[in-house]
**Q** 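Take a look at the following structure, please.
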Amino acid sequence: MTASLLLRNVRPYAGKAVDLLIENGKIAQLGTNLSAPAGVAIEDGKGDIVIPGLVEAHTHLDKSLLGLPWYTNEVGPKLLDKIDNERENKKRLDINPERQSARQSILSSLKGTTHIRSHVDVDTEHGLWGVEGVMQTRDAYRDIVDIELVAFPQSGLLRRPGTLELMDQAMQAGCEIVGGLDPCTIDRDPKGHLDAVFGLCQRYGKPLDIHLHEPGEVGAFSLDLIIERTRVLGMTGKVTVSHAFCLGTPDPALIDPLIEELAELDIAIMTTAPASRPAPPVKKLLQAGVRICSGSDGIRDTWSPYGNADMLERAMFVGLRNNFRRDDEVRLALDVCTIEGAKVMEIEDYGLEVGCVADLVLLPAESIAEAVATRPPQRRVIKRGKIVARDGVSIRTAP
Ligand SMILES: [Zn+2]
């Protein structure tokens, strides 16, 4: 079902006030003093800023602890500690992927997110439990948010025999994207890991979105192997590298040639703008022509107690991490969480132009920079022309 609605007095990207007419879920007209066609509801925009829906381009819907008792984190410092701890305790902690993904999707939506890319664990302990659960949520909450799934071998691919077969089944089940993870430091077999995940991409004609936490020289080595395969297999524009901490290495001799190739092969980068790790330089990547998106990553899970699914706050983190202070720079940070993210997720008809799908957020602020800096809770969220959240309250109830 798609809706029609006349928004009066809204300011696209904090510009001049206009009326915005939505018909059948799409933006039909922008102008002044538009008249409402018969039967079309009118919403007073009250001079709010209107932006396209926020894009959560990297999260893990299947394993949030939202709504569950507080989890006391006593997990060891290594990546493998976190991976093994989560896998071993998921059932005990009752982290039901269907319920937990519904909770997080509603939270995301009421904060203004209209599109989510979720990595979903595939492992020999739980099989496709996560994939099936998130697919249930995707179908049940289509009215408030669009969700796409990445089949994600969180526990490693080759170090746990049977995982590749499950990944194959996850793609057959309808995952849109193949995932991968740290080819050197988790599987300790970069060629084997990358051949396997790129092989799945080839078999199913699907893109790749690979987690690459590996730092410095090791990460740069893995990234180089990813670039090489992207080129040889003709996957230009079909690869995203998530985190890519190695691009935060302050060594132009190591990084600059990689950035050049990322741009040439249209390989996208996802950064959460982490406070605790080296991070890809957002402005430098954008200027080089690299698509770049952002995401919350895990929200309140066994990895970390942090996260609230607010992509406006994420834009602030992008700004803080990249030392963005000028208004035009803060706008860049918001772009990463909106239009740039939409490019990475290849969302069709996204934006504020006539003909675009009416996935919108209204924000009471004077400027974009103020909206990012203050993150007002009084937001109105519109999905395909229908108001799906107001002032932090969703039309859907969390299970
Ligand atoms: Zn992640």
Side-chain angles (χ1 to χ4, degrees), residues 55-66 73 75 78-87 90 95 97 100-101 104-105 108 113 115-123 126 130-131 133-134 147-157 163 167 170 175-183 185-187 193 197 207-215 219 222-223 226 239-248 268-280 292-311 314 317-318 321 336-337 341 344-345:
V55 176
E56 167 69 89
H58 184 119
T59 189
H60 296 263
L61 287 177
D62 55 317
K63 49 196 191 175
S64 167
L65 293 159
L66 285 168
N73 189 324
V75 186
K78 291 185 300 196
L79 191 56
L80 265 179
D81 296 334
K82 299 176 180 72
I83 289 172
D84 291 342
N85 171 70
E86 179 179 59
R87 193 184 58 254
K90 201 178 266 184
I95 307 176
Q100 296 311 115
S101 59
Q104 188 180 322
S105 296
S108 286
T113 289
H115 296 82
I116 296 175
R117 174 180 286 184
S118 178
H119 297 251
V120 184
D121 287 6
V122 173
D123 66 54
H126 304 93
V131 167
V134 176
I147 297 170
E148 65 177 22
L149 285 84
V150 186
F152 177 45
Q154 172 75 82
S155 291
L157 196 54
T163 307
M167 286 285 288
C175 284
E176 285 92 350
I177 297 157
V178 176
L181 171 76
D182 296 335
T185 53
I186 298 294
D187 269 345
H193 183 94
V197 294
L208 177 71
D209 188 336
I210 182 168
H211 281 64
L212 187 62
H213 308 92
E214 295 166 1
S222 288
L223 187 52
I226 292 166
V239 174
T240 303
V241 179
S242 283
H243 301 302
F245 297 144
C246 61
L247 291 176
I269 296 295
M270 190 298 300
T271 182
T272 63
S276 55
R277 305 294 290 269
I292 183 159
C293 61
S294 189
S296 304
D297 207 5
I299 290 171
R300 279 261 337 259
D301 56 18
T302 62
W303 293 62
S304 136
Y306 303 114
N308 59 9
D310 186 355
M311 288 304 294
R314 188 59 49 183
F317 292 152
V318 170
R321 190 68 183 79
V336 168
C337 299
V344 175
M345 284 180 56

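All ligand and atom numbering here is 1-based and tracks the order in the structure. Position 1 is the first residue of the sequence, and the numbers go up from there.
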**Q** Side-chain contact test, heavy atoms from C-beta onward, threshold under 4.5 Å: evaluate it for Glu86 versus Lys90 and give yes or no.
**A** yes
**Q** Under the side-chain contact (heavy atoms from CB on, under 4.5 Å) test, which residues partner Asp81, sequence neighbours left out?
**A** Val75, Pro77, Lys78
**Q** Side-chain contact, heavy-atom cut-off 4.5 Å: Ile116 with Gln104?
**A** no
**Q** According to ring-ring contact (aromatic ring centres under 6.0 Å, His included), who are the partners of His193, at least two apart in sequence or on a separate chain?
**A** none
**Q** Counting no waters, how many protein N/O/S atoms sit under 2.8 Å from the Zn ion (ligand 1)?
**A** 4
**Q** Under 30°, 30 to 60°, or over 60°: which ring-plane class applies to His213 and His211, parallel, tilted or perpendicular?
**A** tilted
**Q** What pairs with His115 under ring-ring contact (aromatic ring centres under 6.0 Å, His included), at least two apart in sequence or on another chain?
**A** none
